[in-house]
Amino acid sequence: MRDILGPLLLAASALLLAGCKGVDHQPTSTTSTMSSRQASPADEQGQLVRQGRAIFDETPRYAPSYTGAKITCGDCHIHSGTEPYAAPMVDLAGLFPMYSKRARRVISLEDRIQECFTRSENGRPLPPHSREMQALVAYIESLSRDEVNGQPYKGRGLVKLVALTGNAMKGKRAYASQCAGCHAADGAGFPPAMPAVWGPASYNDGAGINRPENMAAFLFHNMPQNHPGTLTAQQSFDIAAFLHTMPRPKFNEAYKGY
C-alpha cells in the first residue's frame, strides 16, 4: 500500500501546484466578471449625490462655468443645506412644483436651482440635463425624509422677523465691529472660507438675500458665525440696510424668467 500511495500523493500534489500556478497567470472567470462590472443604479445615484454635495459646498470650484460670484450654495444654506433658519434643503424636494411670486409661475426644483445660479451666484443657468443639475437635484432629494415628504421642515426658509427700519450708518459701524473680521473691511471676504458680501465677487442685486428683510432674518439667526444669535433684530436690520447700499453686480435681465 505504501508503494502505491506514495506516487498517488506526489501526483495529487503536482496537480494542486499546477492549479495554483494557473490562478497566478490566468484570472478566473469570476475575477474577470467583477473587474468589468458596470456601476449599478445605486452606485450611480450615490456618485451623483456626492457630486451634488461637492457642488453645493464649493460651487465655484465644481461648477466654475456657471458661477460669476465667489459664493457657494452653502454660504447661504449653512451646513450643506441642513441648518434651520438658514434656508435648509431638508424635505424641500417634495414641495415642488410650487408657485413662485418672483417668476409669476409654477416652478420646478430645477427652476429654483437656476434662480440661485443666475442671482446668488451671479452666473448663468445650468444646462437642464447637465451632470451638475442632475447632481444637485440628487443631493437635495437625498435630504428628504420619506416619512415626511412634502412637509415643511422646522426652520424652513429664513423665518422672517417683524419688520423694522434699518439705519445704514449704524449698520456700517455694526458691520465693522461684528462682521469685518470674517468678511473684510472692503466686503470682499476670504473665499472660499468666507464669502464676499459686496463687490464684484458677491451676489448680484437680483438675489433674494439682497432684500434687506431677508438679509436681516439670515443675520439674526446665523451671524456672527462664531456667535450666532447675538445680534439684536435692530442690529440685523441696520447691517442689512448698510449692505444694501454697497455696490454689487447687476442682475442679468436676460435671466428674468428665473
Side-chain angles (χ1 to χ4, degrees), residues 56 59 69-90 92 95 98 100-103 112 115-122 152-191 193-251 258:
F56 197 95
T59 318
K70 293 182 179 179
I71 291 175
T72 73
C73 300
D75 287 330
C76 294
H77 309 276
I78 297 174
H79 293 155
S80 301
T82 63
E83 183 71 16
Y85 310 111
M89 301 286 104
V90 180
L92 183 70
L95 299 180
M98 67 165 60
S100 167
K101 291 182 180 179
R102 178 161 59 188
R112 186 64 186 87
E115 286 187 16
C116 288
F117 271 84
T118 58
R119 296 171 183 271
S120 299
E121 291 294 338
N122 188 39
Y153 178 63
K154 181 181 178 181
R156 163 68 62 237
L158 293 173
V159 190
K160 291 181 171 40
L161 305 173
V162 174
L164 297 171
T165 301
N167 183 305
M169 289 304 296
K170 289 182 178 179
K172 182 178 181 178
R173 292 193 292 271
Y175 177 88
S177 63
Q178 301 286 344
C179 315
C182 289
H183 299 284
D186 63 356
F190 301 94
M194 298 295 171
V197 289
W198 72 79
S202 183
Y203 52 89
N204 66 43
D205 63 1
I209 202 69
N210 190 47
R211 299 173 185 171
E213 64 273 18
N214 288 348
M215 176 60 84
F218 179 82
L219 294 172
F220 180 76
H221 290 288
N222 300 291
M223 295 292 126
Q225 193 177 65
N226 56 343
H227 295 293
T230 57
L231 292 175
T232 67
Q234 186 62 63
Q235 284 177 316
S236 300
F237 271 93
D238 291 344
I239 295 171
F242 166 65
L243 293 177
H244 193 68
T245 68
M246 302 308 289
R248 65 187 65 262
K250 297 289 292 181
F251 173 62
Y258 297 115

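These values consider heavy atoms only, across backbone and side chains, with no hydrogens, waters or symmetry-generated copies. For clarity, every value in this text was computed on a predicted model and none was experimentally measured.
- Nearest approach of Pro228 to Asn226, heavy atoms of both residues: CD-C, 3.6 Å.
- In this structure the side chain of Phe56 never reaches within 4.5 angstrom of the side chain of Thr72, judged on heavy atoms.
- In terms of heavy-atom proximity, His183 sits nearest to Val197 at ND1-CG1, 3.8 Å.
- Distance NZ/Lys70 to OG/Ser202: 12.0 Å, rounded to 0.5 Å.
- Remark: the backbone N or O of Gly208 is paired with a side-chain donor or acceptor of Asn214 at under 3.5 angstrom.
- Rounding to the nearest 0.5 Å gives a distance of 7.0 Å between CG of Asp186 and CH2 of Trp198.
- For Leu219 against Ala240, the heavy-atom pair with the smallest separation is CD1-N, 4.0 Å.
- Annotation: side chain of Met215 is not in contact with side chain of His244 (no heavy-atom distance under 4.5 Å).
- Taken to the nearest 0.5 Å, the CD atom of Glu83 stands 12.5 Å off from the CE atom of Met89.
- Closest heavy-atom contact between Cys179 and Ile239: SG-CD1, 4.0 Å.
- Pro88 has its side chain within reach of Arg156: a pair of non-hydrogen atoms, C-beta onward, lies under 4.5 Å apart.
- Taking NZ of Lys172 as the start and OG of Ser177 as the end, the distance is 13.0 Å to the nearest 0.5 Å.
- The shortest distance between side-chain heavy atoms of Glu121 and Thr59 falls below 4.5 Å.
- Between Tyr85 and His221, the ring planes lie parallel to each other; the angle is under 30°, not in the 30° to 60° tilted range.
- One finds the CE atom of Met194 at 4.0 Å from the CD atom of Gln225 (value rounded to the nearest 0.5 Å).
- Counting only heavy atoms from C-beta outward, the side chains of Tyr203 and Asn122 never approach each other to under 4.5 Å.
- Checked for salt-bridge contact, Asp205 and Lys250 meet the test: a charged N lies under 4.0 Å from a carboxylate O.
- In this structure a side-chain-to-backbone donor-acceptor pair under 3.5 Å is present from Asn204 to Thr118.
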Query raised in the report: Passes side-chain contact (heavy atoms from CB on, under 4.5 Å), Arg248 versus Asn210? Steps please.
Result: CA-CA 10 Å; Arg248 65 187 65 262; Asn210 190 47; 3.3 Å; yes

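- Geometrically, Arg119 does not engage Tyr258 in a cation-pi contact defined by less than 6.0 Å to the ring centre and at most 45° from the axis.
- Leu92 has its side chain out of reach of Tyr153: every pair of non-hydrogen atoms, C-beta onward, lies at least 4.5 Å apart.
- At a threshold of 4.5 Å between non-hydrogen side-chain atoms, the residues Phe218 and Ile78 count as touching.
- Here Ser100 contributes atom OG and Arg112 contributes atom CZ; the two are 7.5 Å apart, rounded to the nearest 0.5 Å.
- The two residues Pro191 and Gly189 have their closest heavy-atom pair at CD-C, 3.4 Å.
- Residues Thr165 and Phe237 form no side-chain contact, since every pair of their non-hydrogen atoms from C-beta on lies 4.5 Å or further apart.
- Contact detail for Ala217 and Lys160: the closest heavy-atom pair is CB-CA, 4.0 Å.
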